[in-house]
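First up is the structure itself, then whatever we jot down about it.
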Amino acid sequence: QPLQVQESAAAERAAAGVQLRLVVDEFYAPWCPHCQRFASELERLGATFNAPAGDGPPTPVLVCRVDCWDQRPTCGAYAVKGFPTMVRTE
């Protein structure tokens, strides 16, 4: 997901009183064939964790994608050297 969507999802959880316990970021390049193949799996994972559970609050897990071509400073801050790179933060 674009970085602004990630920030929006994190803000939505904070507004609902849900404290994030885990954030999983995939740093990718749009031209990378490995990233392209992995995208559908990550989309499925994101759909599971990023959506609210029924009528309840959002889950405390956020799954995000960061396009390193658009977000080079962010990828540099995480020392991304190859694609895809997965980073887990708490």
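All values derive from a computational prediction rather than experimental measurement. Any value given below was found using the heavy atoms of this structure, including those in side chains, with hydrogens, waters and symmetry copies removed.
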Approximate separation, where rounding is to 0.5 Å, of Cys35 SG and Leu42 CG: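 With rounding to 0.5 Å, SG (Cys35) is 10.0 Å from CG (Leu42).
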Between atom SG of Cys75 and atom NZ of Lys81, what is the distance when rounded to the nearest 0.5 Å?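 Result: 11.5 Å between the selected atoms.
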Flag the pair Phe27 / Asp67 as yes when at least one side-chain heavy-atom distance between them is below 4.5 Å, and no otherwise.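 A side-chain contact is absent here, since even the closest heavy-atom pair is not under 4.5 Å.
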Is there a side-chain contact between Val23 and Arg88 in this structure, where contact means two heavy atoms from C-beta onward sitting under 4.5 Å apart?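 Contact flag for Val23/Arg88 side chains = no.
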Whether the side chain of Glu26 engages the backbone of Cys64 through a donor-acceptor N/O pair (distance < 3.5 Å, no angle test) should be reported.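 Pair absent, no side-chain N/O of Glu26 close to backbone of Cys64.
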Any idea which heavy atoms bring Cys68 and Arg72 closest together, and the distance?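 Between these two residues, the closest heavy atoms are O-CG, 2.9 Å.
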Output field: ring centroids Trp69/Tyr28 closer than 6.0 Å: no
Taking OH in Tyr78 as the centre, count heavy atoms belonging to other residues, nucleotides or ligands within less than 6.0 Å. Is the count above 12?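 Result for OH/Tyr78: open.
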